[in-house]
Every structure is written in structure tokens, then in C-alpha cells.
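These values consider heavy atoms only, across backbone and side chains, with no hydrogens, waters or symmetry-generated copies. These figures come from a predicted structure and were not determined experimentally. Counting starts at 1 for both ligands and their atoms, in listed order.
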Amino acid sequence: MANPNEPRDSQTSREDNLFATPLEDIQRFSFNKAVVDVFPDMIKRSVPGYTTIIGMIGDFARRYAREKTKCYDLGCSLGAATLSIRHNISVDNCEIVAIDNSQAMINQAKKLIDRDNSPTPITLLCDDINSIEINNASIVVLNFTLQFIPIAVREALMEKIYNGLIPGGVLILSEKVAFEDPSHNQLMINLYHDFKRANGYSDLEISQKRESLENVLIPETLTTHKNRLKKVGFSDADVWFQCFNFASMIAQKSL
Ligand SMILES: Nc1ncnc2c1ncn2[C@@H]1O[C@H](C[S@+](CC[C@H]([NH3+])C(=O)[O-])CC(=O)[O-])[C@@H](O)[C@H]1O
Ligand SMILES: O=C(O)C(=O)Cc1ccccc1
């Protein structure tokens, strides 16, 4: 019989109980091996709409991926968006470039990607998305990654993405967001915590993870995101999905 403590090494993973017992010293959240081992379970139980968004990224890939271009998945984690793109691309001679700066994530992503045998080539890189080159892109995905990038360098990253897109290319930007109005912001956080409780997380898990994410995951308002997208050149940028304080935007570079 399989050892129940062994990660099952697939998209189904061990249950996330990283914050279930009282922690003396709450460490800054990082994408280490312990997080990687529970990541598929953690992200599905913690991000409302995650599975829907991953599926829709595939639909966007079918519509926007162009022949002889690249699709970038920035902060790819275990490659869920990468594989959704790969399974839906309908043109030839595309390359998917998937990047994450967590070696533990990349090691596990490689295993999952090696097991998938659909034809579009994937280049998997362990690197900082702030230092890579982006060019000839028909699609760029930032699926809950920008929120971990220091605010001071977000504009430079978005500018690089805009410049690396082909005319008509799209950016999919998913983020945990904040709201200008404090009482609406608190309402969305309360509803989000209800969502986490309904998915089996205790109040202790919710509060310890919240503390660990403090100053690591930094949400901005949708207005801030839209203004930045417009500032770097996107003529069209708006929300296509939202559930509580989690939203996904699509921005297109004009033809
Ligand atoms: N500077 C950086 N450079 C590269 N990677 C980074 C950087 N900063 C953070 N990361 C990586 O961004 C990912 C964020 S998770 C993305 C989910 C995925 N997109 C998904 O569709 O499943 C979102 C979440 O866990 O809430 C992690 O794997 C980090 O290592
Ligand atoms: O759990 C949270 O509070 C979140 O904001 C989502 C999340 C999901 C996975 C890693 C880090 C944050």
C-alpha cells in the first residue's frame, strides 16, 4: 500500500496542514519544499475561482496563441497554467516559457511536465521574472504572481511585458486585491475567510497564514492595477473574473 505521508507526486497532493498547529515563531511565507508538497491542495482551498481561472487560461490560449510566438507563464509554480495552455493551443510552432524562482517548485513542475506528452515544447526556468527577457510573446500569464513582487518594481515588470508582446497579444493578470472603501474591504476579507472555513481551514490556520503572508503578499486595488496597465501602454485592460478579493484581468496590446 502507498505510504500516506509520501507526496503523491501529481496534481493531487498532500493536505495542507502547514498552519494547523500553534507556531511559536511564524516565519515569512516562502515557496519552500514544505509548501510545494501541499501546494495543489493549498491553492485550490485558498484561492476562490482558481480552477475556473486555470481552465479559462486554456480558452484564452486557444484564442490568442499565435504561430511562431511564445507564451510566458511567469511564477508558474507547478505549471498548472502552463499545462492548460499546452492542452488548448491550436497553432503550430509555439513555445511555452515557464519561469519560477523557487527551485523546489521547478523540481516538482519538471516531474509533472515530463509526465505530460502533448506536443508544444516547454522551456522551464528557475529564475527571477524581473531579470528575464520577454520577446515575441502572444500571451503572458501572471496568475497570482505580481502580488509577491515588491511594489517598487511592479511597473518596470509590466513595462517589460508590454514591450515583449506582439500587437494583439494579451496579458492575463490574476491577483488578490484590496478595496478603497475600508468597510467593503473588510466585508470581502470576511467572506474570503468564510470560504476558507468552508474549505476546512480553522481560525488558527487562517490567522497564522495571514501573519506569515504579511508584507510578503501585497494586494493593490483594481484601480491601481488598471492605471498601471494603461500607463505602460495597454489600451484595453479590465476584469474578466472576480470572486470576493480575488480577481483576474485581461489586457490587450492594440494591433
Ligand atoms: N520574482 C519572482 N520570480 C519568479 N517567480 C516568483 C517570483 N516571486 C514569486 N514567484 C513565484 O510565484 C508563484 C506564486 S503562486 C502562482 C500560482 C501559479 N501561477 C498557478 O497558476 O498555479 C501564487 C500563490 O501561491 O498565491 C510561486 O511559485 C513563487 O515561487
Ligand atoms: O491563503 C491566502 O490567504 C491567500 O491569499 C492565497 C494564497 C495561496 C497560496 C499561497 C499563498 C497565498
Between [Y] and [X], is there a side-chain heavy-atom distance shorter than 4.5 Å?
{"X": "Glu155", "Y": "Met158", "value": "no"}
{"X": "Leu18", "Y": "Val35", "value": "yes"}
{"X": "Ile206", "Y": "Tyr192", "value": "no"}
{"X": "Asp59", "Y": "Met56", "value": "yes"}
{"X": "Ile161", "Y": "Leu74", "value": "yes"}

At the 4.0 Å heavy-atom cut-off, does Phe144 count as touching ligand 2?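 Under 4.0 Å: no for Phe144.
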I'd like to know if Ile43 contacts ligand 2, where contact means a heavy-atom distance under 4.0 Å to any ligand atom.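 Ile43: no contact with ligand 2 (<4.0 Å).
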Proximity of Leu213 to ligand 2 by residue part, where a heavy atom lies under 4.0 Å: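 Just the side chain.
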Is it the case that the side chains of [Y] and [X] hold a donor-acceptor pair, with the cut-off being a distance below 3.5 Å and no angle test?
{"X": "Glu133", "Y": "Asn135", "answer": "yes"}
{"X": "Glu180", "Y": "Thr223", "answer": "yes"}
{"X": "Asn143", "Y": "Ser174", "answer": "yes"}
{"X": "Gln186", "Y": "Asn190", "answer": "yes"}

Would Ile129 count as a polar contact of ligand 1, with the cut-off being nitrogen or oxygen pairs under 3.5 Å?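 The answer is yes, given that Ile129 and ligand 1 share an N or O pair closer than 3.5 Å.
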Closest approach of any protein heavy atom to [atom], naming residue and atom:
{"atom": "atom 16 (C) of ligand 1", "value": "Ser77 OG, 3.1 Å"}
{"atom": "atom 14 (C) of ligand 1", "value": "Phe144 O, 3.5 Å"}
{"atom": "atom 20 (C) of ligand 1", "value": "Tyr50 OH, 3.4 Å"}
{"atom": "atom 30 (O) of ligand 1", "value": "Asp100 OD1, 2.6 Å"}
{"atom": "atom 5 (O) of ligand 2", "value": "Lys176 NZ, 2.7 Å"}
{"atom": "atom 2 (C) of ligand 2", "value": "Tyr192 OH, 3.0 Å"}
{"atom": "atom 21 (O) of ligand 1", "value": "Asn143 ND2, 2.9 Å"}
{"atom": "atom 24 (C) of ligand 1", "value": "Phe148 CE1, 3.7 Å"}

Using heavy atoms and a 4.0 Å limit, tell me yes or no: is Val35 in contact with ligand 1?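 Flag not set, Val35 not near ligand 1.
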Which one of Thr82, Asp116, Thr120 satisfies the side chain to side chain donor-acceptor pair (under 3.5 Å) criterion with His87?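 For His87, the side chain to side chain donor-acceptor pair (under 3.5 Å) check succeeds only for Asp116.
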Determine, for Phe246 and Lys176, whether the Lys NZ or Arg CZ falls below 6.0 Å from the six-membered ring centre while staying within 45 degrees of the axis.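 Negative - Lys176 is either too far from the ring of Phe246 or too far off its axis.
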Nearest non-hydrogen contact with atom 10 (C) of ligand 2 belongs to which option: Lys196, Lys44, Lys209, His193?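 Closest candidate by heavy-atom distance is Lys209.
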Hey, looking at atom 4 (C) of ligand 1, which of Asn101, Ile54, Ile53, Leu146 has the closest heavy atom?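 Shortest heavy-atom distance from atom 4 (C) of ligand 1: Asn101.
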Numbering the atoms of ligand 1 from 1, which are under 4.0 Å from a heavy atom of [X]?
{"X": "Ser102", "value": "30 (O)"}
{"X": "Met105", "value": "28 (O)"}
{"X": "Asp128", "value": "1 (N), 2 (C), 3 (N)"}
{"X": "Asp127", "value": "3 (N), 4 (C)"}
{"X": "Phe39", "value": "15 (S), 25 (O)"}

Applying salt bridge (Lys or Arg N to Asp or Glu O under 4.0 Å) to Glu220 and Arg154, what does each step give before you reach the verdict? CA-CA 11 Å; Glu220 294 176 295; Arg154 290 184 187 181; 2.8 Å; yes
[X] and ligand 1 - part of the residue with a heavy-atom distance under 4.0 Å:
{"X": "Phe31", "value": "side chain"}
{"X": "Gln147", "value": "side chain"}
{"X": "Ile149", "value": "side chain"}

Within ligand 2, which atoms have a heavy atom of Met42 less than 4.0 Å away?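 Counting atoms of ligand 2 from 1, those under 4.0 Å from Met42 are 9 (C), 10 (C).
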side-chain contact (heavy atoms from CB on, under 4.5 Å), that's the test. Do Ser46 and Lys209 meet it? Break it down for me. CA-CA 11 Å; Ser46 307; Lys209 188 175 183 199; 3.8 Å; yes
For the residue pair Gln27 and Ser212, what are the closest heavy atoms and their distance?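 Here Gln27 and Ser212 meet closest at O-OG, 3.0 Å.
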